[in-house]
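All chains are named by letter (A, B, ...) in the order of the sequence lines, taking the proteins before the strands, and each is independently numbered beginning at 1. Side-chain atoms are counted along with the backbone in the values below, which use heavy atoms only and exclude waters and symmetry mates.
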Amino acid sequence: MSMKKVWLFIALAAIVAFAAACGGGSSEESEGSGNGESTEETSGGDGSSEEASSGEGSSEGSSSGSGEEISGEVAIDGSSTVFPIMEAVSEEYTTEHSNVQAPVGVSGSGGGFEKFIAGETDLSNASREIADEEASALEENGISYFEMTLAYDGISVVVNQQNDFIDHLTVEELKQIWVDGGAETWSDVRSEWPDKQIQRFSPGTDSGTYDYFHETILEGDDINRNAQLSEDDNVLVQGVQGSPNGIAYFGYAYYAENQDSLKVVPIDNGDGPVEPSEETINDGSYAPLSRPLFTYVKESSLQEPQVLDYVQFLNENAGDLALEVGYVNASEEVYQENATKIEEAAGSGSGSGSGE
Amino acid sequence: MKEVSQENTSGTPTEYLSAPSNLPKREWKNRLFRTIFATAVIFSLLMLLILIIRIITQGIGSIDWQLFTNFASRHPDEAGLKAPLIGTIWMMALTGPISFVLGVGTAIYLEEYAKPNRFTTLIQTNISNLAGVPSVVFGLLGLTLFVRELSMGRSLIAGALTMSLLILPIIVVSSQEALRAVPAELKQASYAMGATTWQTIFKVVLPASVPGILTGTILALSRAIGETAPLIMIGALTYIAFLPESIMSQFTVMPIQIFNWTNRPQEEFHMVAAAGIIVLLVMLLVMNSIAVWIRNKFQRRF
């Protein structure tokens, strides 16, 4: 009997020790995080000293009034497409302002708006414009907000590298290929093209890329029911790489990473075929498949100094950091427009605040 | 009866051998099924091997000290697992005790106290059903109940409670099995000595069933460690550049970070993701080894 008791205690002790070790481990880690952070800072500084220093210069210009003691939290959630830009911005920002916490969640554009409507977030990233229902729900909850365009993504239409007949596609041909009940074989699109079944790879219906394509190219019609849909764009890349008669569309970054193994299709929107590239997406000539990426900012949050400072930093650096993570910066006017919106929102907020 | 008597009287080896046409067929069948079952084993082992080899060749190059000391980054070579690793450890440290106490408590009540009536059967059936509910549903429950109603926010404790609910059915069922495996004679002997139900449970039943209970708990935790969906549902973050300081802190966990990396266009991120998978696999392996060790260490046959 006593042996059993001993065993029980050992077992319970093991659990407690396990839990304690984990807890202890984490607290040690958090104590040691100072070291970890400092090494990261130095390494981060090496890797990105140029844009970090340029970022520093501009942000200090904007935040010099509030000084170095900014602290608090910026709650950010939303689109997975916008995530890489926000991750980069938060990474740069928190290296400079270590007292500010700016974590980024990935709930998707819709999921992000849901949290935004519930008042849980300050910034809501979206790869599409806010829907009418979402806007009215925000109004109902008394949340005023404004939209910031951060960067552009050029939805790239690609085919297999062995495909030697496609030189470009017009927007109508693109619709014919993708719409349900449209072309079945390549020869249905243009009679001189081979009589081979088209294999289609499309982003899943939850993604903003699909939404945008659905709206702009398919004009709201159903997508071809033989299209293979995947939420993971890398699966689309692999799909079209492995199918000689394949065609796919996805974000520019996925094409840019796989340029050597994919053939991009120039799109003709009436002004001659245009290939997606940083220049054509930036100057808007790659139309209509250049789509803006947004973040929606809660106006009242700008009264918190760390949110205001973060949003200003975001606006100043989003373009450069977007380029770094595979998107294309918007034009200078767009960022100036954003800056005006921020100023107005911050000003009007404080105006009404003092009025109250 | 007739057949039996026939076998007894005339069922000699000669008659057994007098049916030679049957034997090759039976032996062939025997070989066929053996091959089928062996193929099943080889197939799954091969898949596992391919997975492991692929992950290791992809990820081993990215495993270095930075992986453990750095936060996530947009530069794949600087990206680290610090926040998700610590987040996962916190998560396990919270989920473990919560689900252990609730799960084993439920199992003891159902096995030792509850009268076998319709209500108990109802609970029993529902617990078994809960084990099959998709994890996203638990995420929704956690979001509504813990995050919003009990206003815990997107905190570690909200995540841990959600995870506990998710693995609770597994722990209850496996603990019940373990409790049921304790021989009735042991309990009866204890009662015969004048022990109360509680004394019997604490001094006889629990010590005898602890290996089974702990094994079940650790295996359930191994499932929790790999879950992403419910945590994304309750709003666990993806990029986070600080460590949790209390149970109310925001957090991220390994599978979320790994999933995010595999989704990136850059090949380098896929390699970091593979490194992350190796770390997660090692953690899983350690936990499962502990489970096996506990079972072997404390197991006794009655």
Legend entry - Winner by heavy-atom pair count (cut-off under 4.5 Å) against chain B, out of A:Asp232, A:Ile76, A:Asp77, A:Asn234: A:Asn234
Inset, instruction - Count the heavy-atom pairs under 4.5 Å between each of A:Pro103, A:Ser90, A:Ser80 and chain B, then report the option with the highest count. - result: A:Pro103
Inset, instruction - Tell me, out of B:Thr252, B:Leu85, B:Asn260, who's got the most heavy-atom pairs with chain A below 4.5 Å. - result: B:Asn260
Answer with side chain, backbone, both or neither: which region of [X] has an atom nearer than 4.5 Å to a non-hydrogen atom of chain A?
{"X": "B:Asp77", "result": "neither"}
{"X": "B:Thr217", "result": "neither"}
{"X": "B:Gln266", "result": "both"}

Interface moiety of [X] toward chain B, non-hydrogen atoms closer than 4.5 Å:
{"X": "A:Asp233", "answer": "backbone"}
{"X": "A:Thr121", "answer": "side chain"}
{"X": "A:Phe83", "answer": "side chain"}
{"X": "A:Ala102", "answer": "backbone"}

Legend entry - Lys/Arg N to Asp/Glu carboxylate O, B:Arg154 vs A:Glu120, below 4.0 Å: no
Inset, instruction - Run the salt-bridge test on B:Arg264 and A:Glu87 with the 4.0 Å N-O cut-off and return the result as yes or no. - result: yes
Inset, instruction - Go through the steps for A:Glu73 and A:Glu304 under the test side chain to side chain contact (heavy atoms under 4.5 Å, CB included), then give the verdict. - result: CA-CA 9 Å; A:Glu73 202 196 302; A:Glu304 294 167 47; over 6 Å; no
Inset, instruction - Look only at the side chain of B:Ser155 and the backbone of B:Met152, and say whether a donor-acceptor pair between them is shorter than 3.5 Å. - result: yes
Legend entry - Check: A:Tyr252 main-chain N/O paired with A:Asp153 side-chain donor or acceptor under 3.5 Å: yes
Inset, instruction - Could you verify whether a donor N or O on one side chain and an acceptor N or O on the other, from B:Thr69 and B:Lys82, lie under 3.5 Å apart? - result: no
Inset, instruction - Would you tell me whether A:Asn99 and A:Ser71 have side-chain atoms, one donor and one acceptor, within less than 3.5 Å of each other? - result: no
